[in-house]
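Have a look at the structure below before the remarks.
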Amino acid sequence: MDFKNEIAKQIAHAAGLQAEEVLPFLEVPPNAEMGDFAYPCFRLAKVLRQAPNQIAAQLAEKMQDVAFLQKVEAAGPYLNFFVDKSLFSRSVLTKVLQQQADYGKSELGKGKTIVIDYSSPNIAKPFHVGHLRSTVIGNALYQIHQALGYHCVGINHLGDWGTQFGKLIVAYQKWGSKEAVEEQGIQELMRIYVKFHEEAEKDPSLDDEARGWFVKMQNGEEEAIRLWKWFYDISIREFERVYKMLGVSFDAYTGESFYNDKMAPVVEELKEKGLLKESEGAMIVDLEDENMPPCLIIRKDGGTLYATRDITAALYRKKTYNFDKCLYLTALDQNLHFAQWFAVIKKMGYDWYKDLIHVPFGLVSLESGKLSTRHGHVVLMEELLNQSISETSRIIAEKNPNLENKDEVAKQVGIGAVIFNDLYNSRIKDVVFSWERMLNFDGETGPYVQYTHARACSILKKAGNTFAADVDFSLLGDAASTAVCKLLADYPAKIAEAAAKLEPYILTRHLVDLAQAFNKFYHDNPILNSEEATKNARLAVVSAVAIVLKNGLALLGIQAPEQM
Ligand code: ARG
């Protein structure tokens, strides 16, 4: 039984409304003394032509005899509901314990397809912490939508095409060596790329040479493609090491190069629709009526652009997946790029342009200042994750030196901490890396939630991993137990809310709340030393909490070790 739903029905019945009109406004009061749920009657004042206080008093009167409600009270303009605690905990706990790993899943998105374009790093450039956000948020949104029954398609739109690869080829031929690239990988590619820019400042003819090589790539010439493919393979190998650490995978690695032979018909279509205009030798789509600078489609030298490939990719994805929504996860600074080419799709007459959604996020910084990519002082993902793991190992060695699979746990916790830190705030906020804060086992952190889960597992283990099926739910009437049950009950709605807002933090914060409520429950209520029936009922709570924390962490892309 869904109490919130039932209460909405009761209010609707008493006030002569539809339950759907009531449900969205039912609140959970910050303080349980004010009730388990509350309904503000202001919004009925207009319809019923009465003062909110009066309405609250009358509705309270009408609802005295509802079986699952202990009492209904009017408090000023609010209608406060106190549910029958034992019925409530029975309903929630039974459901969690029955559904286990499926608790929280639903069919809300059944029959709908959502394409998620995330991570999408650039070939021959380091996988830096800026791409961490796209990867981690994208993966969480993927898992969350999947739990809601959507068909998800995760796409890594690699930056693997463009004039920069012409530059890289020139740089390699002039200053590179096969051995160095094979040994140093992306780092060496980055070194010669930076060198190219330094040299090109003195000698602009290098840029022409680079453009020439990119034209060769576009024409599929053998030597150009061979070198490009080699840079590609080296880069992918490094990226995949990071994906493996993060536990992230994709349904398709269709990067920008995939669209090389698909752009011509799209450019043709733009022409036919009268959207292409010449401007200083280049081809553009004018966006003046949308109050934006023009979208550049073809460069003066005939080269295509990032936007040309994005437009082509969108048409391809619509045709291939017939998505209901297509999400793009990038930093906020690409806002204009997406707004521009979304407008081009609109001008082409495709009404699904409104299903293209840019999902932006803020910057990442270390405590020492903003991270930069262009000047070589990059913070590499792999280094960062390894550092987190080694810091975590150190903490574990102090706290729990006898832990069995220490290395494995350090990995799960170290990486979990980084992911959690990234998903803790609304996307648009900048993320700051502070080891001290991220790895604080008592803070609002990944390790804290994982630790709480491990604590629950250890209690269950000490109880022999079983408890009797006939739980006496009337023994769970205390405030701490009720608080835990409420958060357990709210968990499925939080998943739906996180998806609707495209904000994983809704879920992250809920897990912190649940962990905190559980620790209070654990502090207030002896478990293993209690008398048999009470112990049994409390173990049911512990077990349900372990299940929900584990399920929730999984949706965020974080593992839940049973010991730590
Ligand atoms: N490669 C781009 C970057 O690193 C991100 C690509 C995002 N996806 C897209 N379809 N534009 O900035």
Side-chain angles (χ1 to χ4, degrees), residues 114-139 141-142 152-165 167-168 186 189-190 193 228 231-232 235-236 238-240 242-243 248 250-260 262-263 266 295-297 304-321 323 325-345 352-353 355-364 370-374 378-381 422 427 502:
I114 185 161
V115 170
I116 309 180
D117 175 321
Y118 64 113
S119 195
S120 309
N122 301 320
I123 294 296
K125 293 240 181 103
F127 195 126
H128 61 86
V129 294
H131 287 119
L132 168 74
R133 299 217 65 193
S134 179
T135 310
V136 162
I137 301 171
N139 183 50
L141 290 176
Y142 187 104
C152 297
V153 183
I155 297 184
N156 197 335
H157 188 79
L158 295 161
D160 59 1
W161 206 246
T163 37
Q164 68 269 34
F165 298 99
K167 294 178 186 174
L168 199 59
I186 292 179
L189 295 177
M190 194 62 192
Y193 187 69
W228 167 80
F231 301 148
Y232 180 96
S235 306
I236 290 284
E238 289 191 34
F239 296 161
E240 284 191 331
V242 176
Y243 292 141
V248 168
F250 300 89
D251 300 302
Y253 269 89
T254 38
E256 296 188 40
S257 66
F258 180 75
Y259 301 99
N260 185 39
K262 299 177 180 58
M263 283 183 280
V266 175
C295 184
L296 196 51
I297 303 291
T304 53
L305 292 105
Y306 185 39
T308 324
R309 290 185 279 283
D310 258 332
I311 293 167
T312 307
L315 290 163
Y316 173 84
R317 289 174 191 176
K318 185 66 193 173
K319 197 172 76 204
T320 309
Y321 306 111
F323 56 75
K325 263 184 206 165
C326 182
L327 311 183
Y328 295 86
L329 284 117
T330 80
L332 190 61
D333 59 4
Q334 295 196 29
N335 267 0
L336 179 62
H337 164 73
F338 284 99
Q340 283 177 306
W341 76 257
F342 289 177
V344 173
I345 299 278
W352 49 264
Y353 79 91
D355 305 322
L356 302 169
I357 303 169
H358 181 217
V359 186
F361 48 79
L363 298 171
V364 184
K370 195 184 150 180
L371 300 163
S372 141
T373 51
R374 214 145 293 154
V378 286
V379 178
L380 302 180
M381 259 325 291
D422 201 303
R427 295 181 325 256
L502 302 174

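These numbers were taken from a predicted model, which means no experiment stands behind them. Both ligands and their constituent atoms are indexed starting at 1 by order of listing. Residue numbers start at 1 and run along the sequence shown.
- K125 places no side-chain N or O within donor-acceptor distance of the main-chain N or O of P121, the cut-off being under 3.5 Å.
- For F361, there are no ring-ring contact (aromatic ring centres under 6.0 Å, His included) partners, not counting sequence neighbours.
- Side chain of S134 to main chain of L329: a donor-acceptor pair is present (N/O by atom type, distance under 3.5 Å, no hydrogens or angles).
- Side-chain atoms of K325 never come within 3.5 Å of backbone atoms of L356 as a donor-acceptor pair (strictly under, hydrogens ignored).
- Ring geometry for Y253 versus F250: interplanar angle over 60°, hence perpendicular rather than tilted (30 to 60°).
- The ring pair (Phe, Tyr, Trp, His ring centres under 6.0 Å) with F338 is formed by just one residue from the set Y328, Y306, Y353; it is Y328.
- Taking a heavy-atom cut-off of under 4.0 Å, ligand 1 is surrounded by D117, S120, N122, H131, H157, Y306, D310, Y328, T330, Q334, F338.
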